[in-house]
Amino acid sequence: MAVVITVPICLLLAVSGLAVHGRAVALGDARTTRSEVGLSLRIQALVHQLQRERGLTNGLLGGEKGFRSPLAATRKRVDTALRGMRDEGAVEDVVQRHLQRLADIRAATDTDTADQAATLTFYTTAVKALNAVDPVAETATGADRQLHDGLEALRELAAATESVALERGFLNGVFAGGGFHGREYLTFTEVRATRVAALARFQQVATAPQRAALKHAFATADAKRATDYESRAEDAADGSVLRADASAWWDAMTVIVDDLYAVQQSVGDDVRDRADRLSHDAEMGLAACLGAGMLMAALVAGLAAFASRSLTRPLGALAEAAHDVARRRLPAAVARIQQAPQDHAELLPPTDTPDDPDSQPLGGAAEIAEVAASLHHVEHTALHLAAQQAGLRRNTTESLANLGRRNQNLVRRQLSLITRLERQELDPDALAELFELDHLATRMRRNAESLLVLVGQNPPRPTAAPADGLEVVQSAVAEVEQYRRVLIATVEPVQVRGHAVADVAHLLAELIENGLTFSPPTEPVEVHGWYDTEDDTYCFAVVDHGIGMSEADKERANARLSDAGEEAFLAAPTRFLGHLVVGRLARRLGEGAQVHLFDTTGGGLSALLALPGRLIAPVEGPRASLPPARPAVSSLLNGFRAGVARAEARSTQGASS
């Protein structure tokens with residue numbers, strides 16, 4: 001019965017809510033329009049004075065010295081209007097951006113050092129910016145056609161007034177200068193065309209009294225005198241000398257601008273009166289809708305409170321149990337299973353029993369009990385899946401580690417046997433074949449060690465003493481297949497500390513192998529080494545001239561190289577396992593060791609390994625300089641730093657968003 005009563009009341013309440021919302025929106029729009037029209041008129045007052053200052057300034061720069069006195073008075077009125085806008089956020093932003101050089105422009109005008117065209121552009125840009133932030137342009141007025149047309153008329157009249165004021169100031173300078181120069185006549189025609197278009201649009205949306213007021217503004221004696229001056233300007237389109245009294249032109253056009261400004265204020269008053277009427281109507285309608293809505297809301301609240309008592313308790317208990325499973329029990333159990341030793345079956349929770357407090361019935365409707373039972377099934381299913389995945393991942397990792405260690409031991413024995421055979425062999429041809437076999441076994445050893453690096457069970461190869469940087473590079477080259485294509489450029493003397501020698505050689509071998517694979521068989525892969533005194537690091541650069549990488553692929557590759565420890569190798573695509581090997585080797589070298597990819601000048605890809613000072617020992621004596629035919633060390637280093645900077649910028653941007 002309660003449901004039968006509640007449904008129609010809820011529908012009535014929804015309808016009432018929509019009515020209240022519509023009335024509230026209408027009331028807010030009316031009040032906003034009323035306040036914003038007032039702000040718009042204050043903006044137009046500032047624009048009006050700024051237009052006057054623009055015209056007087058342009059005439060003064062054109063040579064009419066009589067404008068200096070009225071210009072000073074106009075500047076004071078502009079400053080007064082600007083001070084009145086300090087509390088208006090959007091207008092204040094425009095003032096800061098477009099009028100912050102106003103004092104400098106005035107000073108240059110007073111000293112006769114200002115550029116006339118640039119000064120006119122400065123004032124015009126500021127006026128356009130102020131008109132662009134006119135708040136009534138954003139008001140929602142679609143609900144009332146009269147209000148909408150009034151705002152449109154106000155905007156079009158502002159555009160027409162600006163065109164008239166701009167023509168006044170522009171021709172003021174032309175008349176003072178004695179004629180048109182350069183593109184000035186074209187500017188004059190564009191300004192007049194803008195005025196005509198704005199006035200035509202105003203005629204379409206204005207009321208009859210507003211159109212009559214506009215017609216009167218253009219029918220005065222001053223308007224006719226201004227039209228005569230415009231005709232003279234049109235006749236001087238060929239650049240001939242223009243004889244006109246700039247002061248008389250200014251006075252006539254100022255009367256027109258003032259009359260248009262008066263029409264603006266009249267239109268603004270009409271819009272504000274219409275907004276007041278709409279606001280009053282909306283207030284009365286809102287009050288009626290609120291009364292009806294509150295009555296219905298009280299009725300619905302009483303019925304809902306009565307009906308919900310039978311559902312709140314079991315639903316609350318169910319929600320609490322679901323939160324406990326999602327936030328505490330399930331994550332803790334999954335983490336315990338994944339970190340468990342070999343036999344993890346006993347870690348799974350037993351099937352719920354009647355004595356288990358978490359499995360007690362929640363009460364309520366049968367559907368709620370079924371949801372609770374399903375929740376327990378989901379929990380146990382998730383735990384079983386987590387246990388299976390943890391075991392599978394552990395078994396896979398251990399199998400790969402075992403296979404890698406066995407291969408590593410076999411390859412070491414093979415290398416020892418090959419070494420003994422090389423010492424005993426005297427035939428040059430047979431010895432060369434043994435060398436090839438030795439090289440193949442060395443590559444097999446690196447592959448086995450890479451596998452152990454991926455599973456995290458590969459201790460570094462012991463090295464008794466530091467090794468020279470060139471020896472490390474040669475060791476890396478010996479572990480790649482196409483070692484004959486590797487060109488070792490000048491490697492500045494350095495000593496790599498013993499515990500890092502094997503890892504550095506392995507890392508360089510991976511980078512060199514990658515460069516050889518993705519570059520043409522006729523192109524060499526270059527290896528450079530130098531000491532960077534600025535960062536106290538030693539850098540190895542592997543440079544190829546192959547197909548390179550796209551920006552997206554390069555970004556993902558650099559992420560793997562820097563965050564190798566964060567991505568499980570079993571989840572990564574197999575073609576990117578080399579990136580993970582390099583990244584994990586770099587991480588094992590410790591803080592400060594970095595590997596980064598960037599584009600090679602002229603095409604291809606370069607990889608740079610930077611070793612911190614704690615892993616190297618400088619060698620006494622002068623460092624060798626790079627041959628002129630090789631890529632400049634500074635270019636490689638600059639490319640590395642630029643790539644690292646871009647990566648850090650992207651990381652910072654992602655974190656902030």
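Here the structure is a predicted model, which is why all the values come from computation and not from measurement. Atoms considered below: every heavy atom in the structure, side chains included; atoms not considered: hydrogens, waters and symmetry mates.
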Would you please say whether a donor-acceptor pair under 3.5 Å links the side chains of Ser240 and Asp238? yes

Identified side-chain contact (heavy atoms from CB on, under 4.5 Å) counterpart of Phe122 within the set Thr57, Leu102, Val127: Leu102

Could you verify whether a donor N or O on one side chain and an acceptor N or O on the other, from Arg192 and Thr189, lie under 3.5 Å apart? no

Verify salt bridge (charged side-chain N to carboxylate O under 4.0 Å, His left out) between Asp228 and Arg225, making sure each step is shown before the conclusion. CA-CA 5 Å; Asp228 179 63; Arg225 188 163 54 254; over 6 Å; no

Donor-acceptor under 3.5 Å (Glu526 side chain, Val543 main chain): no

Can you tell me if Asp544 uses its side chain to pair, donor with acceptor, with the backbone of Val525 under 3.5 Å? no

Residue pair Leu71 / Arg106, side-chain heavy-atom distance below 4.5 Å: no

Does the Lys NZ or Arg CZ of Arg168 fall within the cation-pi geometry relative to Trp250 - under 6.0 Å from the ring centre and within 45° of the axis? yes

Test: Asp79 and Lys76 ion pair at under 4.0 Å: no

Do Tyr123 and Leu166 come close enough that some side-chain heavy atom pair is under 4.5 Å? no

Taking Tyr229 for its side chain and Ala248 for its backbone only, find out whether a donor-acceptor pair lies under 3.5 Å. no

For atom NE2 of His280, decide whether the heavy atoms of other residues, nucleotides or ligands shown that lie under 6.0 angstrom number more than 12. no

Whether Asp235 and Arg232 form a salt bridge (side-chain N of Lys/Arg under 4.0 Å from carboxylate O of Asp/Glu) is what I want to check. no

Using a 4.5 Å cut-off on heavy atoms from C-beta on, say whether the side chain of Leu171 contacts that of Phe180. yes

Of Phe175, Phe67, Phe170, which meets ring-ring contact (aromatic ring centres under 6.0 Å, His included) against Trp249? Phe175

Taking Arg195 as the fixed residue, which of Glu167, Glu162, Glu156 is the one that meets the salt bridge (charged side-chain N to carboxylate O under 4.0 Å, His left out) rule? Glu167

